[in-house]
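Each chain gets a letter, A, B and so on, in the order the sequences are listed, and its residues count up from 1.
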Protein chains: 2
Amino acid sequence: MYSSELIKGTLKTIVLNLLKEQGRMYGYEITQRVKDLTNGKIQITEGALYPTLHSLEKSGELETEKEYLGKRVRKYYTLTEQGQTTASQKVNELTEFMQTMKFLLDLDPQLGNA
Amino acid sequence: MYSSELIKGTLKTIVLNLLKEQGRMYGYEITQRVKDLTNGKIQITEGALYPTLHSLEKSGELETEKEYLGKRVRKYYTLTEQGQTTASQKVNELTEFMQTMKFLLDLDPQLGNA
DNA sequence: TTGTATACATAAGATTGTTATGTATATTTG
DNA sequence: CAAATATACATAACAATCTTATGTATACAA
């Protein structure tokens with residue numbers, strides 16, 4: 001598990017990117033998928049995820065449809081067109097940021113990028 | 001300039017690493033060095049830096065000596081032994097986190113690490 | 001002499017996470 | 001079958017950490 005400060009600021013990007021690749025997911029599924037994909041190293045808490053999903057929906061990046069499994073409810077999220085654009089931008093920004101950080105930490109001196 | 005959320009959680013690592021490489025720096029110098037090294041893409045604000053330096057000093061990672069240039073004061077920071085250990089740990093953690101994030105964002109599918 | 005740079009510091013406010021709690025159904029296990 | 005665990009949503013109190021604004025003070029450039 002990584003110290004939680006690191007995850008700050010990347011959560012929206014993770015969610016948007018996952019939805020871009022998977023097409024349609026519900027909240028709980030996102031937490032499990034991220035946990036699986038990272039061998040438990042990144043664990044999104046529900047207290048962080050649900051407010052983030054609501055916020056992304058409010059700002060027009062996501063739309064929802066409810067589905068009923070027997071009596072239980074699931075809220076599926078999909079990217080809007082705007083959300084697709086935002087997803088790409090966020091991923092690009094994070095990628096560039098990580099390259100800059102690598103350079104700053106002298107981990108990839110040969111790259112010479114900044 | 002990167003959106004500021006991304007910098008959250010990496011500031012301590014940046015500072016500790018810089019001091020590890022440079023040996024001795026003062027606050028303002030750190031802001032300028034980071035700005036230069038990243039072509040202005042990462043700009044540490046003083047409102048973020050000084051509290052961080054004070055916190056790192058309080059927790060025993062840094063020690064200070066004052067220097068006077070005429071009438072002006074400068075506070076030079078150096079890593080303690082504990083600070084050197086912390087610096088390495090933080091850099092390692094951030095590096096691993098970035099690899100995990102890369103994998104999660106599917107930027108390096110061939111690596112297969114997580 | 002006025003603006004910009006250097007150099008420190010702190011406080012109010014915003015953002016975004018953790019931890020705790022709540023509700024409710026479904027499934028597994030002793 | 002009862003109890004624990006997993007699924008699935010949600011929100012609130014609290015904490016950490018950043019931005020923005022403000023303050024003090026000296027040095028230098030236009």
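- For the pair A/Q32 (side chain) and A/E29 (backbone), a donor-acceptor distance under 3.5 Å is absent.
- One atom, NZ of B/K58, and another, P of C/dA9, lie 15 Å apart when rounded to the nearest Å.
- Atom CD1 of A/I14 and atom C1' of C/dG17 are 13 Å apart (whole Å).
- For the helix from C/dT1-D/dA30 to C/dG30-D/dC1, the axis fitted to the five pairs at one end and the axis fitted to the five pairs at the other end meet at an angle of 20° (nearest 10 degrees).
- Looking only at side-chain heavy atoms (C-beta outward), A/V73 and A/E67 stay at 4.5 Å or farther from each other.
- We find that NZ of B/K66 is positioned 16 Å from P of C/dA7, with the value rounded to whole Å.
- Exactly one residue among B/Q22, B/R24, B/M25 makes a side chain to side chain contact (heavy atoms under 4.5 Å, CB included) with B/T78. That residue is B/R24.
- Taking atom CZ on B/R74 and atom P on C/dA9, their separation rounds to 14 Å, with Å as the unit.
- B/E61 and B/T80 share no side-chain donor-acceptor pair at under 3.5 Å.
- Phosphate contact (OP1/OP2 of D/dC9, side-chain N/O of A/H54, threshold under 4.0 Å): absent.
- When only modelled atom types and interatomic distance are considered, B/T86 and B/K12 share no side-chain donor-acceptor pair under 3.5 Å.
- One can place CG of B/L56 at 13 Å from P of C/dA9, the figure rounded to the nearest angstrom.
- Distance OH (B/Y77) to C1' (C/dA7): 11 Å, rounded to an integer number of Å.
- Per the geometry, OH belonging to B/Y68 stands 13 Å off C1' belonging to D/dA25, to the nearest Å.
- With DNA chain C read from its 5' end, the first of the two nearest nucleotides for A/K8 and B/Y76 is the one closest to B/Y76.
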Write down the protein N/O and nucleotide N/O pairs, taken from nucleotides 21-28 of chain C, whose separation is under 3.5 Å; answer none if there are no such pairs.
{"residue": "C/dT25", "atom": "O2", "partner": "A/R72", "partner atom": "NH1", "Å": "2.6"}

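- To the nearest angstrom, C1' of D/dA21 lies 17 Å from CG of B/L49.
- Between A/Y50 and the phosphate of D/dA10, there is no side-chain N or O to OP1/OP2 separation shorter than 4.0 Å.
- Residue A/Y26 places no side-chain N or O under 4.0 Å from the OP1 or OP2 atom of D/dC9.
- Judged by distance alone, with hydrogens and angles left aside, the side-chain atoms of A/T95 form a donor-acceptor pair with the main-chain N or O of A/V91 at under 3.5 Å.
- Within the nucleic acid shown, B/G27 comes within 4.0 Å of sugar-phosphate atoms alone, with no base atom in reach, counting heavy atoms only.
- Note on B/T52: a side-chain N or O is less than 4.0 Å away from OP1 or OP2 of D/dC18.
- Phosphate proximity of D/dT20 to B/T45: absent, as no side-chain N or O sits under 4.0 Å from OP1 or OP2.
- With B/L94 as the partner, the side chain to side chain contact (heavy atoms under 4.5 Å, CB included) test is satisfied by one option alone out of B/K90, B/M98, B/E96: B/M98.
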